[in-house]
> 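This is the structure I have questions about; it appears just below.
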Protein chains: 2
Amino acid sequence: MKFTISEQEELLFLFKTLNNQLGPKFERNTNFSLSRFELLYQLVQYDEISQSRLQKIINIDHAAITRHLKQLEADELVSRRRNPTDNRETIVHLTDEGYKQIMNCQQDKSSFANQMFLQFSDEELQSLMDMLKRIQENIR
Amino acid sequence: MKFTISEQEELLFLFKTLNNQLGPKFERNTNFSLSRFELLYQLVQYDEISQSRLQKIINIDHAAITRHLKQLEADELVSRRRNPTDNRETIVHLTDEGYKQIMNCQQDKSSFANQMFLQFSDEELQSLMDMLKRIQENIR
DNA sequence: ATTATATTATTGAGGGGTCAATGATTGATG
DNA sequence: CATCAATCATTGACCCCTCAATAATATAAT
């Protein structure tokens, strides 16, 4: 006995598939994973920021944040130190090398995003963004 | 010095975030990961199917397919045997227990998908599907 | 027939993510 | 001020994924 799949359900799986394809492609183009890129990007914006604030912005688990930053620190793209006024916090800061590298792959990231949304109108981008945010709300 | 992020780039990261949230939620609701669910779903459709055909349908790496099916076999939701007419292939078949379990969580999956697309019109679903497929084409 | 080529499945290494438990530090409260 | 509760970071266990290398089998080509 077979059963059918609704359009909604098809979309759910399409999402997963698309994402599985997106991540590796992005990484091949920029040499950074999406998460690492986001992390470094935020560090450019904030200069100094605690891990827990980064966590809230990036929206991945604390554990993943810690491990990414430890690795980025080992790679010397980032420096970390305790917050003197609150010793629970670790404050993260981009090194010169980190800044250089994230700036270097700006172009790659942009052209990747352009390729991804080739032939999308502004209205479509807007509507897509809107729908994704609504989905996010719906499953919250 | 800061730099800005285009709408396209914002969408790229929104995709990743949304997906990171989608997977775990789905799993908590159905007790199957999205991939396992898809695998079992296809087995309901095909009754018997080779791993390589499954791989092409589900669109994840061969290695992941092998590991999922080995685990599902250990859980006795699936049986596997060599194809007598082509010994390279492994043919996969759903067990009664596997059938029972996948059918059991149909309801959970449906209500999850409904929740996800709450207040989406048919046109929106259609347009979303269309856009996702175009993105998939664009990055292929 | 024998050799070269392609297909299928498997494994190992490594990256990314979650959840749960732990330890340290800070803040609030009786 | 002593204790209890919240916050932050870290670690371990485990899941999912990709890529690359390998082994086995089948197919094609000389």
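Protein chains get the first letters and strands the later ones, always in sequence-line order, with residue 1 at the start of each. The shown structure was predicted, so the numbers you read here are calculated from the model rather than taken from an experiment.
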> Considering heavy-atom distances to DNA chain C, does B:D61 or A:N83 have its closest nucleotide positioned more toward the 5' end?
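Looking at DNA chain C, the more 5' nearest nucleotide goes with B:D61.
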> Could you please name the option among C:dT18, D:dC17, C:dT10 that lies closest to any side-chain atom of B:R82?
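Given the options C:dT18, D:dC17, C:dT10, the side chain of B:R82 is closest to C:dT10.
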> Spell out yes or no: do the side chain of A:R67 and the base of C:dG17 have one donor N/O and one acceptor N/O closer than 3.5 Å?
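Between C:dG17 and A:R67, which were checked side chain against base, a qualifying N/O pair under 3.5 Å is absent.
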> D:dC16 C1' sits how many Å from B:F37 CZ, rounded?
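After rounding, the reported distance stands at 18 Å.
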> Indicate the ring-plane relationship of A:F120 and A:F117, choosing parallel, tilted or perpendicular according to the 30° and 60° boundaries.
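Rings of A:F120 and A:F117: perpendicular, over 60°.
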> Answer yes or no: does a side-chain N or O of B:N87 lie under 4.0 Å from OP1 or OP2 of D:dA24?
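For B:N87, the contact criterion (side-chain N or O under 4.0 Å from OP1 or OP2 of D:dA24) is not met.
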> Is the shortest distance from a Lys or Arg side-chain nitrogen in A:K16 or B:E38 to a carboxylate oxygen in the other one below 4.0 Å?
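Salt bridge: yes.
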> In whole angstrom, give the distance that lies between atom CG of B:N19 and atom C1' of D:dC17.
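Atom CG in B:N19 sits about 12 Å away from atom C1' in D:dC17.
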> Would you say the base of C:dG15 and the side-chain of A:R36 have a donor-acceptor pair closer than 3.5 Å?
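Between C:dG15 and A:R36, which were checked side chain against base, a qualifying N/O pair under 3.5 Å is absent.
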> B:I91 has an atom CD1; how far is it from atom C1' of C:dA9, in whole Å?
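After rounding, the gap between these two atoms is 14 Å.
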> Identify, between B:R53 and A:A63, the residue whose nearest nucleotide on DNA chain C lies closer to the 5' end.
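The residue mapped nearer the 5' terminus is B:R53.
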> Determine the contact category for B:S52: base if any of its heavy atoms lies under 4.0 Å from a base atom, sugar-phosphate if only primed atoms, P, OP1 or OP2 are that close, otherwise nothing.
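Touches sugar-phosphate only.
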> Taking the minimum atom-to-atom distance to the side chain of A:K16, which one of D:dC17, C:dT18, C:dG17 wins?
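Within the option list, the nearest is D:dC17.
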> With the threshold set at 4.0 Å, does a side-chain nitrogen-carboxylate oxygen contact exist between A:E97 and A:K100?
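Result for this pair is yes, salt bridge flagged.
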> What is the distance, rounded to the nearest whole Å, between atom CG of B:L22 and atom P of D:dC17?
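So the CG-P distance, B:L22 to D:dC17, works out to 14 Å.
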> Does A:R28 make a side-chain N or O approach to OP1 or OP2 of D:dC19 shorter than 4.0 Å?
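Yes.
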> Tell me: CD of A:Q55 to P of D:dT10, nearest whole Å?
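Going from CD in A:Q55 over to P in D:dT10 covers 13 Å.
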> Given atom CD of A:E27 and atom P of C:dG17, what is their separation to the nearest angstrom?
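In whole Å, C:dG17 P and A:E27 CD are 10 Å from each other.
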> With the side chain of B:S35 defined as its heavy atoms from C-beta on, choose the nearest nucleotide among D:dC16, C:dG17, D:dT10.
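In terms of side-chain proximity for B:S35, the closest of D:dC16, C:dG17, D:dT10 is D:dC16.
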> At under 4.0 Å, does any side-chain N or O of A:S33 touch on OP1 or OP2 of C:dG15?
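No, A:S33 has no side-chain N/O under 4.0 Å of OP1/OP2 on C:dG15.
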> Are A:F32 and A:F26 an aromatic pair by the rule of ring centers under 6.0 Å?
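Ring-ring flag for A:F32/A:F26: false, centres at least 6.0 Å apart.
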> Does a nitrogen or oxygen in the side chain of A:K70 sit under 4.0 Å from OP1 or OP2 of D:dA9?
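Checking A:K70 against D:dA9: no side-chain N or O falls below 4.0 Å of OP1 or OP2.
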> Taking 4.0 angstrom as the limit, do A:R140 and A:E137 come out as a salt bridge?
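Yes, charged N to carboxylate O under 4.0 Å.
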> For B:N20 and C:dC19, give me the distance from atom CG to atom C1', rounded to whole Å.
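Atom-to-atom, B:N20 to C:dC19, this comes out as 14 Å.
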> I need the CD-C1' distance between A:E73 and D:dA9, as an integer number of Å.
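In whole Å, D:dA9 C1' lies 13 Å from A:E73 CD.
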> With respect to the phosphate group of C:dT10, does any side-chain polar atom (N or O) of B:Q51 fall under 4.0 Å of OP1 or OP2?
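It does, given that an N or O in the side chain of B:Q51 lies less than 4.0 Å from OP1 or OP2 of C:dT10.
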> Looking at B:R80, I'd like to know whether one of its side-chain N or O atoms comes within less than 4.0 Å of OP1 or OP2 on C:dT8.
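False: B:R80 side-chain N/O out of range (4.0 Å or more) of C:dT8 OP1/OP2.
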> Counting just side-chain N and O atoms, does A:H68 come under 4.0 Å of either OP1 or OP2 of C:dG17?
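For C:dG17, OP1 or OP2 has a side-chain N or O of A:H68 closer than 4.0 Å.
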> Reading DNA chain D from 5' onward, which residue's closest nucleotide shows up sooner: A:T66 or B:R88?
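That would be A:T66.
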> Any ion pair linking A:E89 and A:R82 (charged N to carboxylate O, less than 4.0 Å)?
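No.
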